[in-house]
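Have a look at the structure below before the remarks.
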Amino acid sequence: MQKNNFKGTLILLLTSLIWGFAFVAQTKASKSIPPFAFNAVRSFIGAFCLFSYLFVKRWVSGEKILSKTKQMRKDTAVAAILCGVMLCIAANLQQAGITAYPKNVSASARAGFITALYVIIVPILSLFSKRKPPLIIFFAAAAAAIGVYLLCNNGKMGGLYLGDILMLLCALAFSLHILTVDRFGYKTDGIKLSAYQFLICGTLSAVISLIFEKGGLSFSAIISSFWAIMYVGILSSGVAYTLQIVGQKYAEPSIASIAMSFESVFAAIGGILFGEKMLSLKEAGGCLLMFIAIIAAQLPDVVKVKKSRS
């Protein structure tokens with residue numbers, strides 16, 4: 001069991017590495033392609049990767065891509081539409097936030113750590129569904145708020161960037177996306193749902209881009225960001241999602257959630273490796289405090305797993 005758990009943890013850390021470095025790719029792409037166009041192309045590539053996997057799986061095992069019964073197909077369609085819309089909102093807020101950061105800001109690190117706040121926001125939002133989160137969540141939320149202040153406020157008027165505000169909205173949107181998946185996605189196959197939601201997210205993003213982003217989906221814009229789009233589309237959307245599914249089969253849920261929290265750390269490391277501005281001591285302290293809050297928010301799950309074994 002320990003060997004399998006170790007294997008699962010390594011797979012999930014690799015997943016976090018891919019997702020963390022995706023913030024760097026998104027930052028690079030933001031200089032040459034607008035947000036909706038970027039997410040349209042990356043989502044279509046991600047959907048293509050996952051549908052390709054499903055076709056191979058069907059060829060090997062004979063499992064149909066469409067659900068077996070009419071009710072299952074209806075459940076999948078409802079979940080895909082709702083999750084696809086929420087993913088579209090969250091992903092485009094994230095990319096718009098990255099695009100809005102000035103050149104002299106560590107965009108990847110800020111985006112990675114602020115986005116990761118969904119780990120704390122989700123249990124707080126669960127209050128509206130009459131689920132009482134553990135007390136430690138509120139302490140974690142307070143610590144995260146201080147961390148955001150240290151990371152985002154430079155002591156001057158206007159120290160909070162537009163990108164920071166969009167990232168906070170993005171974290172809220174991803175929290176709602178997670179709750180939507182939890183509410184409507186439990187009856188569907190995870191990979192199928194992901195493939196369909198990428199397709200819907202890509203379609204919505206493409207329509208909005210064609211209306212509001214002049215030349216956003218032009219060949220030149222896509223080619224100028226080709227490698228960033230391919231990385232995010234294939235590795236982040238396709239490969240990493242599959243690795244997450246595989247890793248979670250081996251690792252305990254509590255260990256899995258903590259391993260995937262390292263996405264924000266890898267985002268900061270990736271930004272530094274690829275030439276972004278180093279974080280100041282105050283900003284790094286804010287990141288550290290936010291990371292501690294993210295880990296603390298997941299401790300109740302660790303305790304719950306240990307109690308269930310005793």
Side-chain angles (χ1 to χ4, degrees), residues 9-28 30 90-91 93-95 97-98 101 105-124 137 140-153 160-161 163-175 177-178 231-232 235-237 240-241 243-244 247-248 251 254-274 276-299 301-302:
T9 302
L10 287 180
I11 292 172
L12 291 171
L13 282 173
L14 176 59
T15 303
S16 297
L17 175 66
I18 294 172
W19 279 339
F21 276 40
F23 284 101
V24 182
Q26 289 175 244
T27 301
K28 299 293 183 185
S30 68
L93 279 170
Q94 184 181 74
Q95 191 61 23
I98 290 174
Y101 279 122
V105 171
S106 306
S108 298
R110 296 172 89 100
F113 277 98
I114 296 175
T115 299
L117 291 178
Y118 68 79
V119 174
I120 299 168
I121 296 173
V122 167
I124 292 176
I137 294 296
I146 297 171
V148 169
Y149 175 81
L150 292 174
L151 175 65
C152 300
N153 194 294
L160 189 69
Y161 296 109
D164 296 326
I165 296 171
L166 291 172
M167 281 301 156
L168 288 168
L169 292 174
C170 156
L172 175 61
F174 270 122
S175 301
H177 174 258
I178 290 168
Y231 177 91
V232 177
L235 290 179
S236 180
S237 300
Y241 181 83
L243 285 175
Q244 180 191 4
Q248 286 186 302
S254 55
I255 301 299
S257 59
I258 291 174
M260 287 189 288
S261 298
F262 278 81
E263 173 188 356
S264 55
V265 177
F266 287 128
I269 294 172
I272 294 170
L273 289 177
F274 287 90
E276 290 187 17
K277 179 185 174 183
M278 289 281 290
L279 292 168
S280 68
L281 188 60
K282 182 164 72 79
E283 289 173 330
C287 288
L288 178 60
L289 193 56
M290 291 166 69
F291 183 66
I292 292 171
I294 291 165
I295 296 295
Q298 298 171 82
L299 291 180
D301 290 331
V302 178

What's the spacing between [X] [atom1] and [Y] [atom2] if we round to 0.5 Å?
X    : Y    : atom1 : atom2 : value
L10  : L243 : CG    : CG    : 12.0 Å
S108 : L279 : OG    : CG    : 10.0 Å
I292 : M290 : CD1   : CE    : 12.0 Å
S280 : L151 : OG    : CG    : 8.5 Å

Partners meeting side chain to side chain donor-acceptor pair (under 3.5 Å) with [X] (sequence neighbours left out):
X    : result
S264 : none
S175 : none
Y101 : D164
E263 : none

Between Y118 and F174, what is the ring plane arrangement, given parallel below 30°, perpendicular above 60°, and tilted in between?
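The arrangement is tilted - the two ring planes meet at 30° to 60°.
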Just jot down the side chain to side chain contact (heavy atoms under 4.5 Å, CB included) partners of [X], sequence neighbours excluded, or say none.
X    : result
L13  : T9, A259, F262
A267 : F23
I124 : I120, I137, A141
I146 : L150, L289

Yes or no on side-chain contact (heavy atoms from CB on, under 4.5 Å) for L14 and L17, after CA distance, side-chain angles and deciding distance?
CA-CA 5 Å; L14 176 59; L17 175 66; 4.2 Å; yes
Check whether any side-chain heavy atom of [X] lies under 4.5 Å from a side-chain heavy atom of [Y], and answer yes or no.
X    : Y    : answer
F274 : T27  : no
F113 : M167 : no
K277 : V105 : no

What side-chain hydrogen bond (donor to acceptor under 3.5 Å, both in side chains) pairs are there with at least one residue in residues 10-24, not counting sequence neighbours?
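Of all non-adjacent pairs touching residues 10-24, none passes side-chain hydrogen bond (donor to acceptor under 3.5 Å, both in side chains).
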Compare every heavy atom of [Y] with every heavy atom of [X], then report the nearest pair and how far apart it is.
X    : Y    : value
L168 : L117 : CD2-CD1, 4.0 Å
G271 : V24  : N-CG2, 3.5 Å
Y161 : R110 : CD1-NH2, 3.5 Å

Evaluate the side-chain contact (heavy atoms from CB on, under 4.5 Å) criterion for residues Q95 and Q26: first the C-alpha distance (whole Å), next the side-chain angles of each, then the deciding distance (0.1 Å), finally the verdict.
CA-CA 7 Å; Q95 191 61 23; Q26 289 175 244; 2.9 Å; yes
Evaluate L93 against L172 for side-chain contact (heavy atoms from CB on, under 4.5 Å), listing each step before the verdict.
CA-CA 10 Å; L93 279 170; L172 175 61; over 6 Å; no
Checking Y231 now: which residues fulfil ring-ring contact (aromatic ring centres under 6.0 Å, His included) with it, not counting sequence neighbours?
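Residues passing ring-ring contact (aromatic ring centres under 6.0 Å, His included) with Y231: none at all.
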What verdict does the side-chain contact (heavy atoms from CB on, under 4.5 Å) test give for M278 and E283, after you've listed the backbone C-alpha separation in whole Å, the side-chain angles of each residue and the deciding distance to 0.1 Å?
CA-CA 9 Å; M278 289 281 290; E283 289 173 330; over 6 Å; no
Output yes when a side-chain donor or acceptor of Q94 lies under 3.5 Å from a complementary backbone atom of A91, and no otherwise.
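No, because the side chain of Q94 does not come within donor-acceptor range (under 3.5 Å) of the backbone of A91.
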Would you confirm whether S106, through its side chain, and A109, through its main-chain N or O, come within 3.5 Å as a donor-acceptor pair?
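Not at all, since once roles are kept as given, no pair shorter than 3.5 Å links the two residues.
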